[in-house]
Amino acid sequence: MPYATRNTIVLICIAVLLLAGIFILNGSKSSELKEVKADNADMQKKLDDLEKSHPDLDDQQSVLDELNELEKRSLAKNKLIPDKNTPIVTYKYLLQICHYYCPNFKFNFNMNKQGEINNVPYNSYSINGISDLGTLYSFIYQLETQQLLTTIESINLNPQVSEFGEADTVNYNIKFNAYYKEDGTKLSDIPFDKNNYKYLSANPFTPKIHLPDLSKLEPFKIYIEKSKLIGLTDKIAFIETQGGRIEGLSPGDEVAFGSLKRIDNKNNRAIFIINKIGVRETVILEFNKE
Amino acid sequence: MKTKNLFGIFQEDLIIRVAHLKKSKDGIEILELKEAEMNYPLYLEQMKEGEEEEPGERELSEEISELEEELNIPEIPELEETGGVEEVEDESVLSGKNDLKELLLKFDNNKFTISFNVNEENLLIKTFPEEFASNNINKKLEKELLPKEERKEIQYSLDHIIENEKIKSYLHKGNFELLSALKEINFAVTNKKFRYYSIIPNEIALLNFANENLPLKDKSYSTILYIGKEYKMGLIFKGDEYIRNFPIIIPDTSSQNILESVFSKILLEKDSSTIPVAKNIYVGGEYVSEDDIKFFQQKFGEETTVNRLSLSEENSYILENNENITEEDIAKYVIPLTIAWTGLQTNKENFYYLNLLPEKIIESQKHFKLKWHGYLVMLMIFAIAFLGTTKNMQLEQDITQANKRSLKLNSEMKENRVLLENLKRVKSKLRSLEKDVSLIDTLTYKKNNIHYIISEVGKALNQNPLSWITGFTGKENTFNINGYTTQRYNIIRFSELFPNCKIGRIVHEELHDVTISAFNFTYDYPDIDIEIAHSETEQIETKKTKEQETPESGTSKSPESIKNKYRSIVDLYFEEKYSEAFNKFEDFKQNYPNSRWAGNAYYLSGECLYQMGKYNKAENVFRTFLDSPVAPKMPDALIMLGNTYIKLDQKDMALAQWRKLIKQFPDHPLRDVAEYKIEEYGE
């Protein structure tokens, strides 16, 4: 056989082997690729299914936001239901409030009844007594904002007003419920916030109109209603008191329950601002030349 | 296998002749002709077998043996043939290979393509009719000439020519000595490499030369006489037809006797056959000198022409470039020359192409040879390899990408699973928290607000002089407030403090000579959570509004943002940027006509006009403002309206405004200002 022919046959064999080799190699690669692609498609489907079944998966932030919001609300409420409640526990708790926030607060303590709201049992108590409003306010604030869950069910406040308009004390009567449940937070685990101060900025019970408090009247102050204007210049008004004493007053000088506001020299008069009973009055003394 | 440079080697006994021929585009060219006489045969066995020990030498050895016996010299044992060092040295020294090697080293070439001769004595030559085989002749000859066992066991070479419609086969058994010697030389001389081209019988070489060069065309008989040292052969032609050969075997005598013997042999051959004496005799080999030719010419007579074997005129160009080569040289080197020539010109009609070079040697020297179909397949292999590799790379790349994607998907899946776990945990926490918060919300709904209510009432009363409360009662769903105020408008404001206010009673009483209004309100508890949430929302919206809105846009409706806008305009007013402030107050009035700051904005726009000296417009604004049912800045507006009239030179109108203030707002701090103004302008 000619060498060229033999070589051709050898080459054909090599070509066939090469073809077979490539076919086998590429076939195995193709099947590997197919396998990986099939796995990927399967994985993708699982992912899609997962995302379909959990649409909020991509929006976890909103769930977290919701949780944060709820936690915030929960913290704002700052309330925990204890696993037990007895009058002793409650009384001890009230004393704890007094100890830290209102040491002078005195109260009478009664247990009224037991009940249940939404399957949550409670004990009802009432406290009453007399207290200054600031102390009472501190007490109420703690009762309402400390973490142990209590709710004020009714309250009655009646001020004890002095005749000179000072609401020194308040008669109070408060009914409140203290809740508990078996699966509630262990009582000892409910923290008592010792840094929960809040004060009343203004006492709404203070009467704005009252009898003049003569006790506050200083002996040598000029009592305008019993005095006469006897002379005036642009800057000084001369006043004669009931007792015959003559005093020169400039605008701004204090008199009993008020002060000299202005001298009206043109019209021969002195204008005073007087607040005797809580109401500001303009009192004008006129100078009679005759 | 094509070649351009060929060495034809002719070995006859101890004579080696080499013809170096070159093939160029112009044809064949003889480059060199060299010869050497070897001192020894190529292989020692040949000498041992061929030569007998000289009588003198035998006598000498016998004498030495006798002398050894007399002197009692112990006999030295003979060394074995294979192990004897001396023998090995003798072999290398006594071999004719060294002479052959030296001869070849005389040529400058490093690569030798060699064809050499083989004597017919070493060949089995048989003739078969043409019908013997039409194809696979060599195979059939093998079967015919060699028993099956020999075919497998011995080394042999077989080839054939077709001559006169007959198949003439040439079979050689065993090794070619020259080939073996050349191989060994080749091994020793590393810088010279041999390539073996062909082995041609002497007869074929002579036939080829005769056919190519001699004028053998008429029907007369011609004889070629090759008279070598050992090889002596006559070839008879009738015209151009080769009839037969006849070996000339004569005892080794002097050259004159050899020629006589040859002549006698020819005559004997003539007598023993019907073939007449040749008309033309051509002589080649050792005896081709002028004298030798003359000798034959005299012997054969005038009817016979005796010439040397020489090149035809057509082929005389072979010698053109080499003047040193004579016709005598051509006749002398006729066999190696023709051997090389036959190898170089492979398509001559006159040449018989026969090669006894063993197939194994040919095979081992074959270069990679392809025909068109081979190249086609090669191309196909490259194409397959290229396409396959490309496809493979593509697949590899795809797999890499798919694996990457797989990794990504796995990581995504893992991440999602973690997210899902987190989500479940968060949701569970959320549900639990929701439940607790919901329960606490239910229990504390609108409760525990007492501190807030007291605080808010305190703040509200603090802003309303001459108002206070005398009792506070909180029940389950509502709480009740009893109180006093000197200003009836305050009652409206108090009613707005908490949701769903119900007025129980409003009674006017005299207290220490002051008329006061006693009121009793019942409210629903406020939801602090909603108010806190509302307040926080307002703060967030205000922030957003500040970030997103330009101050001029004025489209935000949240109370906080409206308040901030109002304050920003008031700031402009206090910075005495009256024109800008006026424009913005105008916008504010339009955009927020119902806001609690709308009245103030209206009043302040009048002040801006006043400060800008636009008194008529200012008067108009203040008057309009005073016509509105509830004007918190009414005392201020009366003062400013009076001032505006003064600027417009309407003193009476101005005094009327100030007096109105004193009458309507006797307790207002601006009363003093009004009185002062009246004093100042009221002449």
Within this structure, what is the [atom1]-[atom2] distance for the pair [X] and [Y], rounded to the nearest 0.5 Å?
X	Y	atom1	atom2	value
B:F479	A:I152	CZ	CD1	13.0 Å
A:T145	B:Y452	OG1	OH	15.0 Å
B:I440	A:K79	CD1	NZ	9.0 Å
B:D398	A:K34	CG	NZ	13.0 Å
A:L33	B:Q397	CG	CD	11.0 Å
A:N267	B:E675	CG	CD	10.5 Å

Side chain / backbone / both / neither for [X] at chain B, heavy atoms under 4.5 Å:
X	value
A:S138	neither
A:D39	neither
A:Y179	side chain
A:I12	both
A:V10	neither
A:K175	neither
A:K181	side chain
A:I81	side chain
A:L11	both

>> Can you confirm whether more than 12 heavy atoms, excluding those of A:K37, are under 6.0 Å from its NZ atom?
In response: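 At most 12 heavy atoms, drawn from other residues, nucleotides or ligands, come within 6.0 Å of this atom.
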> Any chance CD of A:E35 has more than 12 other-residue heavy atoms, nucleotides or ligands included, within less than 6.0 Å?
Replying inline: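 Atom CD in A:E35 is not crowded, with 12 or fewer foreign heavy atoms closer than 6.0 Å.
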Would you find a donor on one side and an acceptor on the other, under 3.5 Å apart, between the side chain of [X] and the backbone of [Y]?
X	Y	value
A:N118	B:L443	no
A:K266	B:E679	yes
B:E476	A:S154	no
A:N40	B:A402	yes
A:E144	B:H451	yes

> Could you walk me through whether B:H373 and A:T5 pass the side-chain contact (heavy atoms from CB on, under 4.5 Å) check?
Replying inline: CA-CA 8 Å; B:H373 39 73; A:T5 310; 4.3 Å; yes
Contact between [X] and [Y] at the side-chain level, heavy atoms closer than 4.5 Å - yes or no?
X	Y	result
A:I22	B:N392	no
B:M413	A:L50	yes
A:F205	B:I469	yes

Contact origin within [X] toward chain A - heavy atom pairs under 4.5 Å:
X	result
B:I481	neither
B:Q401	neither
B:T485	neither
B:K391	both
B:N410	both
B:L376	neither

> B:G471 and A:N158: which non-hydrogen atoms are nearest, and at how many Å?
Replying inline: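 Between these two residues, the closest heavy atoms are CA-OD1, 4.2 Å.
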> Between A:V36 and B:S406, what is the shortest heavy-atom contact and its length?
Replying inline: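 Closest pair (atom of A:V36, atom of B:S406, distance): CG1-CB, 4.4 Å.
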>> If you count heavy-atom pairs within less than 4.5 Å of chain B, which of A:L47, A:N173, A:T282, A:I14 leads?
In response: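 Of A:L47, A:N173, A:T282, A:I14, A:L47 has the most heavy-atom pairs under 4.5 Å with chain B.
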If you tally heavy-atom pairs under 4.5 Å against chain A, which of [options] wins?
options	value
B:T470, B:L387, B:T442, B:T389	B:T470
B:L461, B:N403, B:L409	B:L409
B:Y484, B:Y375, B:W468	B:W468
B:L439, B:I516, B:V457	B:L439

>> Between B:N448 and A:T151, is there a side-chain donor-acceptor contact under 3.5 Å, judged purely by atom types and distance?
In response: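 Short answer, no.
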> Between B:R405 and A:M43, is a side-chain contact (heavy atoms from CB on, under 4.5 Å) present by the stated rule, with each step listed?
Replying inline: CA-CA 10 Å; B:R405 181 164 164 67; A:M43 187 74 80; over 6 Å; no
> For B:I454 and A:L157, what are the C-alpha separation, side-chain angles and deciding distance, and is it a side-chain contact (heavy atoms from CB on, under 4.5 Å)?
Replying inline: CA-CA 10 Å; B:I454 293 171; A:L157 305 178; 3.8 Å; yes
